[in-house]
Amino acid sequence: MKALCTCGVLAGPLFVVAFLIQGAVKPGGYDALRHPVSSLALGPYGWAQTAVFLVCGLLTVAFAAGLVRLAGVRRKIGAVLVGLWGVGLVGAGLFVTDPVSGYPAGTPDLLVDHTTAGILHDLFSVLAFFSLAAATFVLAAGSGSGWAAYSVLSGLAFLGFFFLSGVGFQQDPGLVDTAGLWQRLSLLTGWTWLTLLARRARTRTAVS
């Protein structure tokens with residue numbers, strides 16, 4: 001159980017550090033403020049982001065397997081939702097996204113004809129985001145008012161940033177140039193909550 005919770009502690013920081021470093025050094029016109037994290041899997045060294053999706057997704061699924069062992073129906077439902085976040089990440093890694101917002105260079109800002117891989121990537125991504133958002137609300141109660149408030153606010157911010165990024169990636173003139181930033185804020189919010197959840201679960205395991 002403790003080892004499985006440790007997987008949850010590691011997944012978030014690994015994912016965030018990876019996209020920060022890759023976004024800073026990615027060649028070929030990649031702009032971290034404009035382009036999504038998923039687009040790091042396109043172009044040079046795209047395999048690195050694919051590996052990050054797969055590794056962090058599997059670490060999250062492992063954490064969910066540990067979390068489901070905690071007592072209570074609500075916690076078990078939350079654990080399933082966390083597991084779906086991990087499954088969504090794995091799917092996003094297995095199926096590479098379509099180009100968006102002009103990256104890689106020479107591609108249109110918004111594709112009309114999507115590839116099968118791109119469609120599957122988007123479906124897994126939507127599954128992941130909404131599952132994690134639901135988990136923040138399901139697991140808000142039962143661990144004190146401070147944690148409850150933090151979880152609900154995290155869920156709302158996570159969804160809000162995700163919505164802004166989605167509008168931007170649809171080429172809204174007011175958001176397209178900052179869509180990547182909004183997505184990263186969403187991911188940072190979600191991963192921070194999940195990391196703290198894993199630390200709390202790990203501490204509970206250590207003293208039980």
Side-chain angles (χ1 to χ4, degrees), residues 6-61 63 85-86 88-111 115 117-118 120-122 124-126 128-129 132-133 154 157-199:
T6 300
C7 290
V9 173
L10 295 175
L14 174 60
F15 193 95
V16 172
V17 169
F19 75 62
L20 288 175
I21 293 175
Q22 290 182 89
V25 303
K26 185 78 170 178
Y30 184 88
D31 183 351
L33 294 179
R34 176 181 173 88
H35 298 122
V37 169
S38 293
S39 290
L40 290 167
L42 301 171
Y45 311 109
W47 61 267
Q49 182 57 38
T50 296
V52 170
F53 275 130
L54 296 175
V55 170
C56 292
L58 291 173
L59 286 172
T60 303
V61 170
F63 167 51
W85 163 253
L89 292 174
V90 171
L94 293 174
F95 302 103
V96 179
T97 187
D98 287 326
V100 67
S101 296
Y103 183 84
T107 58
D109 288 337
L110 191 63
L111 286 183
T115 65
L120 289 172
H121 176 91
D122 289 344
F124 274 107
S125 297
V126 169
F129 273 88
L132 185 58
S154 292
F158 179 73
L159 286 174
F161 291 140
F162 176 66
F163 173 77
L164 291 174
S165 69
V167 173
F169 294 138
Q170 289 298 312
Q171 308 307 299
D172 178 87
L175 292 171
V176 63
D177 289 331
T178 56
L181 172 63
W182 296 119
Q183 189 196 51
R184 282 161 172 77
L185 288 174
S186 179
L187 288 167
L188 181 60
T189 300
W191 275 121
T192 300
W193 177 84
L194 192 65
T195 302
L196 292 176
L197 176 69
R199 288 184 62 184

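Since the model is a prediction, treat every value here as computed from it, not as a measurement.
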Do the ring planes of F158 and F162 sit parallel (below 30°), tilted (30 to 60°) or perpendicular (above 60°)? parallel

Can you see whether T195 engages W191 through a side-chain donor-acceptor pair at a distance of less than 3.5 angstrom? no

Donor-acceptor pair, side chain of S186 and main chain of W182, under 3.5 angstrom: no

Output for pair (L188 CG, L181 CG), nearest 0.5 Å, gives 10.5 Å

So, using side-chain hydrogen bond (donor to acceptor under 3.5 Å, both in side chains) as the criterion, who are the partners of Q170 when residues are at least two apart? none

Is there a donor-acceptor contact under 3.5 Å from the side chain of H35 to the main chain of Y30? no

Working to the nearest 0.5 angstrom, can you tell me the gap between R184 CZ and T189 OG1? 13.5 Å

Keeping Q183 on the side-chain end and V37 on the backbone end, is there a donor-acceptor pair under 3.5 Å? yes

Assert yes or no for the condition that the ring centre distance of F129 to W85 is strictly below 6.0 Å. yes

Can you tell me how far CG of L89 sits from OG1 of T60, rounded to the nearest 0.5 angstrom? 5.5 Å

Distance in Å, L54 CG paired with L59 CG, rounded so as to fall on 0.5 Å steps: 11.0 Å

Reported CZ-to-CG distance for the pair F161 and L187, which is rounded to 0.5 angstrom: 11.5 Å

Nearest 0.5 Å, please: how far is CG in D98 from OG1 in T107? 10.0 Å

Partners meeting side-chain hydrogen bond (donor to acceptor under 3.5 Å, both in side chains) with S101 (sequence neighbours left out): Q171

